[in-house]
Amino acid sequence: MKVGFVITNHHNEKTRPHGRDLLVSCLESLKQSCEHPYEVFIVDNESDKQLTPEPEHYHYIEDQSKGGLTYAWNYGIKWAYDEGCDIIMNINDDITFDTSINSLIEILKTHKHRDVSVYGPVTNEGGTSTEHQWRSGVGENIIEATHMPFKGKHQGYAINGFFYAFTKECWEKYEVDGNFFSIDIREAWGGQEEEFHCRNWPKGLKSFIVESCYIHHSKLMDW
């Protein structure tokens, strides 16, 4: 079973000078932590210069304003799927892994709702915009978040888009014309999770928070 990590990156010497450092830190923590076979798919969302030499799985987007963050996410997710990944982790570059990532992978391999669900880790308090995922460390429970409200937004918004994990079967069920998330530019920078859940929970989509997986989220997007 192959795991695909889709990492969206952006670096700009003036507005986001730490972008490449975040990517290096993310990749190094993944290398030290993940015990499963995996491939990395880097989607570079209009950095001021491309990576050289290019990694094996690297795609450069020249103008992020045309499609926003969701275009980068959709591109990377479809790419990982086409490369035969059984589990896809869609993440931003401003996170740090530890060995608890292996727990999340094992759950996606065996969980009874894995074909119709998206999964998120717990994360540091204040480091994400979804309060249901805030923890100081790992726990034991798998909490269904499908109908959890979030600050007046639609139910199901309880898992933050900085880290979405799902199986290829889930992608096959909920993609639309090869896209997992909306391609509407109005939703590209802040409405991704809400649109995704509003569109799909009536079709049976479930979402879960996995307490046994803890991810540190720096929340340094600045895009």
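Counting from 1, the numbers follow the sequence of the chain as shown. Just the heavy atoms: all of them, side chains too, but no hydrogens, waters or symmetry mates, feed the values below.
The pair Asp86-Arg114 fails the salt-bridge criterion, with no side-chain N (NZ, NE, NH1 or NH2) lying under 4.0 Å from an Asp/Glu carboxylate O.
Using a distance-only test at 3.5 Å, with no hydrogens or angles considered, a donor-acceptor pair links the side chain of His10 to the main chain of Asn45. Looking at Asn12, its side chain does come within 3.5 Å of a backbone N or O of Thr15 through a donor-acceptor pair. Between the side chain of Thr167 and the backbone N or O of Cys170 there is at least one donor-acceptor pair closer than 3.5 Å. With Ser25 contributing its side chain and Asp21 its backbone, the two residues share no donor-acceptor pair below 3.5 Å. No side-chain donor-acceptor contact under 3.5 Å links Glu140 to the backbone of Glu211.
Distance check, rounded to the nearest 0.5 Å: CH2 of Trp134 to OG1 of Thr123 gives 10.5 Å. For the atom pair CH2 of Trp171 and SG of Cys85, the computed distance is 12.5 Å after rounding to the nearest 0.5 Å. A distance of 13.0 Å separates CG of Asn9 from NE2 of His59, quoted to the nearest 0.5 Å. Atom OG1 of Thr96 and atom NE2 of His216 lie 5.5 Å apart (nearest 0.5 Å). Taking CG of Leu69 as the start and CG of Asn74 as the end, the distance is 9.5 Å to the nearest 0.5 Å. To the nearest 0.5 Å, atom CZ of residue Phe162 and atom CD1 of residue Ile215 are 7.0 Å apart.
A donor and an acceptor atom, one from each side chain of Ser100 and Asp98, are located under 3.5 Å apart. With hydrogens and angles left out, the side-chain atoms of Glu193 and Tyr164 include no donor and acceptor closer than 3.5 Å. A side-chain donor from one of Trp73 and Asn92 sits under 3.5 Å from a side-chain acceptor of the other. With hydrogens and angles left out, the side-chain atoms of Thr70 and Gln192 include no donor and acceptor closer than 3.5 Å. In the model, His11 has a side-chain atom that pairs as donor or acceptor with a side-chain atom of Glu13 under 3.5 Å.
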Evaluate the criterion side-chain contact (heavy atoms from CB on, under 4.5 Å) for residue pair Trp201 and Lys206; output intermediate values, then yes/no. CA-CA 7 Å; Trp201 77 263; Lys206 297 181 181 294; over 6 Å; no
Is there a side-chain contact (heavy atoms from CB on, under 4.5 Å) between Phe181 and Glu187? Walk through the geometry before answering. CA-CA 9 Å; Phe181 295 97; Glu187 295 161 333; over 6 Å; no
Step-by-step salt bridge (charged side-chain N to carboxylate O under 4.0 Å, His left out) determination, Asp115 to Lys168: CA-CA 8 Å; Asp115 293 349; Lys168 64 180 182 181; over 6 Å; no
Let me see the working for Asp184 and Ser182 under side-chain hydrogen bond (donor to acceptor under 3.5 Å, both in side chains), right down to the final yes or no. CA-CA 5 Å; Asp184 190 331; Ser182 172; 5.1 Å; no
Test side-chain contact (heavy atoms from CB on, under 4.5 Å) applied to Gln133 and Asn160, step by step: CA-CA 8 Å; Gln133 290 177 272; Asn160 189 275; 3.5 Å; yes
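Side-chain contact between Ser207 and His197 is present, with at least one heavy-atom pair separated by less than 4.5 Å. Contact check for Ser212 versus Ile107: side-chain heavy atoms found under the 4.5 Å cut-off. Residues Val116 and Leu205 have side chains not in contact (no heavy-atom distance under 4.5 Å, counting atoms from C-beta outward). The closest side-chain heavy-atom distance from Lys219 to Asn124 is not below 4.5 Å. No side-chain heavy atom of Ile142 sits less than 4.5 Å from a side-chain heavy atom of Ile209. Using a 4.5 Å heavy-atom cutoff, the side chains of Phe163 and Leu104 are in contact. Proximity of Val138 to Val122: side-chain heavy atoms (C-beta onward) are nowhere separated by under 4.5 Å. In this structure the side chain of Asp93 never reaches within 4.5 angstrom of the side chain of Thr8, judged on heavy atoms.
Taking a 6.0 Å sphere around CD of Glu62, one finds it holds 12 or fewer heavy atoms contributed by other residues, nucleotides or ligands. Summarising the local packing, CD1 of Ile183 is surrounded by 12 or fewer heavy atoms from other residues, nucleotides or ligands at distances under 6.0 Å.
Nearest heavy-atom pair across Ser117 and Phe208 is OG-CE1, 3.3 Å. Closest non-hydrogen pair, Ile42 versus Pro55, comes out as CD1-CG, 4.1 Å. Considering every non-hydrogen atom in both Gly76 and Val43, the closest pair reads CA-CG2, 3.7 Å. Among all heavy-atom pairs drawn from Val176 and Arg199, the shortest one is CG2-NH1, 3.4 Å. Minimum interatomic distance between Gly68 and Ala188 (heavy atoms only, all atoms of both residues): CA-CB, 3.8 Å. Here the shortest heavy-atom pairing between Ile91 and Cys26 reads CD1-SG, 4.1 Å.
Cluster membership for Ile7 and Val24, using ILVMFWY side-chain heavy atoms within less than 4.5 angstrom, is not shared. Residues Ile77 and Trp189 share a single hydrophobic cluster, defined by chaining ILVMFWY side chains whose heavy atoms lie under 4.5 Å apart.
Residues forming a salt bridge (charged side-chain N to carboxylate O under 4.0 Å, His left out) with Glu175 (at least two apart in sequence, or on another chain): none. Legend: residues meeting salt bridge (charged side-chain N to carboxylate O under 4.0 Å, His left out) with Glu106, ordered by chain and number and at least two apart, are Lys109.
The distance between the ring centers of His111 and Tyr119 falls below 6.0 angstrom. Phe5 has its ring centre no less than 6.0 Å from the ring centre of Phe41.
Between His57 and Trp79, the angle of the ring planes goes over 60°, which puts this pair in the perpendicular group of the 30/60° scheme.
When each of Phe166, Tyr174, Tyr75, Tyr81 is paired with Phe180, the ring pair (Phe, Tyr, Trp, His ring centres under 6.0 Å) condition holds for Phe166 and for no other.
Residue pairs meeting the salt bridge (charged side-chain N to carboxylate O under 4.0 Å, His left out) criterion with at least one partner in residues 28-52, sequence neighbours excluded, are Lys2-Glu39, Arg20-Asp44.
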